[in-house]
Peer 1: 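Provided herewith is a single structure, encoded as structure tokens, for subsequent inquiry.
Counting from 1, the numbers follow the sequence of the chain as shown. Ligands are counted one by one from 1 in listed order, and the atoms in each one are counted from 1 as well.
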Amino acid sequence: MRGDLLRSEDVPRHVAVIMDGNGRWAERRGLSRIAGHREGLESVRAVVRAAGDLGIQYLTLYAFSLENWSRPQAEVAELMRLLDHYLDVELEEVMRNDIEVRTIGRLDRLPAALRERVEAGVARTRGNRAMTLVFALSYGGRAEIVDAARRLMRDAELGKIDPERLDEKTFAAYLYDPSIPDPDLLIRTGAESRVSNFLLWQIAYSEIYMTEVMWPDFRSEDLQRAILDYQRRERRFGMTSEQVRTGDCAPRRGGGARRAGGTG
Ligand code: FPP
């Protein structure tokens, strides 16, 4: 990393990751896609450890999208098995490292036994404080907004909400886990430039870092490289550079405008 040093006081509070490229990584090596997912799990382990070491408070991983249900049955089954394996093998380390696990998504579509194990894992880690690890499972960004709208409409019918007074803050309270701050940094691996229906509401002001590195190759150094890139940017949240420089601006949820000098 050309000797650049991360500024530990300016590490993003919430990093979200679209883990892409498992299949291509495997195909390039003449392996099955499933082998790519297995190696991808090694990257999950490495990145969770590295995120904790760096002092990241929230790490959200896009482990399985709603669209992924349409993949071949054997691949879906293997992804479910890997999740089960992660809960089985990694939970002790997660507990040792004081990590709280949460999930977002339509978990009701998971096989019942796996869903119970996921919920038990989540319950066991509740109250851990060093870092929050969020798995987006059976997740879709539009589905999350629809699910929020459905619950909001029910509350409106019950008279708990006045449609005239609806604002962004009230709407956001109906998302899957409103206590999680918006991501400061969204990383996408696998040489694609899409957001793929991930956290559509929450990434409104996230910095986006895309890399050609395939997820199974993505390790601690790659995470540090992404954070260095983030630290070189200026987040303006729609304001001017001068406002950011002089601090003449209102802070926003999920972090505020900071740093000066960039043009982005
Ligand atoms: C995208 O690669 C990745 C996924 C669909 C799932 C991510 C899963 C893992 C990293 C392993 C299991 C993780 C947990 C948390 C248990 P792709 O298959 O779309 O790759 P491609 O674009 O090269 O085909």
Peer 1: Evaluating non-hydrogen atoms only, which member of Arg28, Glu90, Met214, Arg33 is closest to atom 18 (O) of ligand 1?
Peer 2: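 Among Arg28, Glu90, Met214, Arg33, the closest heavy atom to atom 18 (O) of ligand 1 comes from Arg33.
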
Peer 1: Any idea which atoms of ligand 1 are less than 4.0 Å away from a heavy-atom of Arg24?
Peer 2: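 Answer for ligand 1: 21 (P), 22 (O), 23 (O).
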
Peer 1: In terms of residue, atom name and distance, what is the protein heavy atom nearest to atom 1 (C) of ligand 1?
Peer 2: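 Result for atom 1 (C) of ligand 1: Met19 O, 3.1 Å.
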
Peer 1: Does the ring centre of Tyr86 sit less than 6.0 Å away from the ring centre of Phe135?
Peer 2: yes

Peer 1: Check whether more than 12 heavy atoms from other residues, nucleotides or ligands sit under 6.0 Å from atom CZ of Arg151, and answer yes or no.
Peer 2: yes

Peer 1: Between ligand 1 and Trp25, is the shortest N or O to N or O distance under 3.5 Å?
Peer 2: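 Among all N and O atoms of Trp25, none is under 3.5 Å from an N or O of ligand 1.
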
Peer 1: Evaluate Gly21 for polar contact with ligand 1, using N/O atom pairs at a separation under 3.5 Å.
Peer 2: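 Right, the criterion is met.
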
Peer 1: Do me a favour and list the nearest non-hydrogen protein atom to atom 19 (O) of ligand 1 with residue, atom name and distance?
Peer 2: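 So the nearest neighbour among protein heavy atoms is Arg71 NH2, 2.7 Å.
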
Peer 1: Val17 and side chain to side chain contact (heavy atoms under 4.5 Å, CB included): which partner among Val44, Leu223, Ile187, Thr60?
Peer 2: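 Of the listed residues Val44, Leu223, Ile187, Thr60, the side chain to side chain contact (heavy atoms under 4.5 Å, CB included) partner of Val17 is Ile187.
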
Peer 1: To the nearest 0.5 Å, what is the distance between CZ on Phe64 and CG on Leu137?
Peer 2: 9.0 Å

Peer 1: Taking only heavy atoms of Trp215, which atoms of ligand 1 are found under 4.0 Å from at least one of them?
Peer 2: 10 (C)

Peer 1: Can you say whether the rings of His14 and Tyr58 are parallel (under 30°), tilted (30 to 60°) or perpendicular (over 60°)?
Peer 2: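 Correct class here is tilted.
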
Peer 1: Would you mind checking which non-hydrogen protein atom is closest to atom 5 (C) of ligand 1, with the distance to 0.1 Å?
Peer 2: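 Checking every protein heavy atom, the shortest distance to atom 5 (C) of ligand 1 gives Asn68 OD1, 3.6 Å.
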
Peer 1: Give yes if a backbone or side-chain nitrogen or oxygen of Asp20 is under 3.5 Å from a nitrogen or oxygen of ligand 1, and no if not.
Peer 2: yes

Peer 1: Please compare Tyr62, Phe135, Tyr86 and report which has the shortest non-hydrogen distance to atom 15 (C) of ligand 1.
Peer 2: Phe135

Peer 1: Regarding Arg49 and Ser220, is there a side-chain donor-to-acceptor distance under 3.5 Å anywhere?
Peer 2: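 Ser220 and Arg49 do not have a side-chain donor-acceptor pair below 3.5 Å.
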
Peer 1: For atom 9 (C) of ligand 1, what is the nearest protein heavy atom, given as residue, atom name and distance?
Peer 2: Asn22 ND2, 3.6 Å

Peer 1: Quick one: which ligand 1 atoms are inside 4.0 Å of a heavy atom on Leu83?
Peer 2: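 Those atoms are 16 (C).
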
Peer 1: More than 12 foreign heavy atoms under 6.0 Å from CD of Glu9: is that the case here?
Peer 2: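 More than 12 heavy atoms, drawn from other residues, nucleotides or ligands, come within 6.0 Å of this atom.
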
Peer 1: Between Arg219 and Asp222, is a salt bridge (charged side-chain N to carboxylate O under 4.0 Å, His left out) present by the stated rule, with each step listed?
Peer 2: CA-CA 5 Å; Arg219 297 295 154 100; Asp222 302 286; over 6 Å; no

Peer 1: If the contact criterion is a heavy-atom separation under 4.0 Å, does Leu82 count as touching ligand 1?
Peer 2: yes

Peer 1: Report the nearest protein non-hydrogen atom to atom 7 (C) of ligand 1: residue, atom name, distance rounded to 0.1 Å.
Peer 2: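 Residue, atom and distance for the closest contact: Ala63 O, 3.6 Å.
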
Peer 1: Looking at atom 14 (C) of ligand 1, what's its closest protein heavy atom, distance included?
Peer 2: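 Result: Leu41 CD1, 3.9 Å.
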
Peer 1: Closer than 4.0 angstrom, basic N to acidic O: yes or no for Glu78 and Arg38?
Peer 2: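 Yes, this pair counts.
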
Peer 1: To the nearest 0.5 Å, how far apart are CD1 in Ile161 and CE in Met153?
Peer 2: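 If I round to the nearest 0.5 Å, the distance is 12.0 Å.
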
Peer 1: Nearest protein heavy-atom contact for atom 11 (C) of ligand 1: which residue, which atom, what distance?
Peer 2: His37 O, 3.5 Å

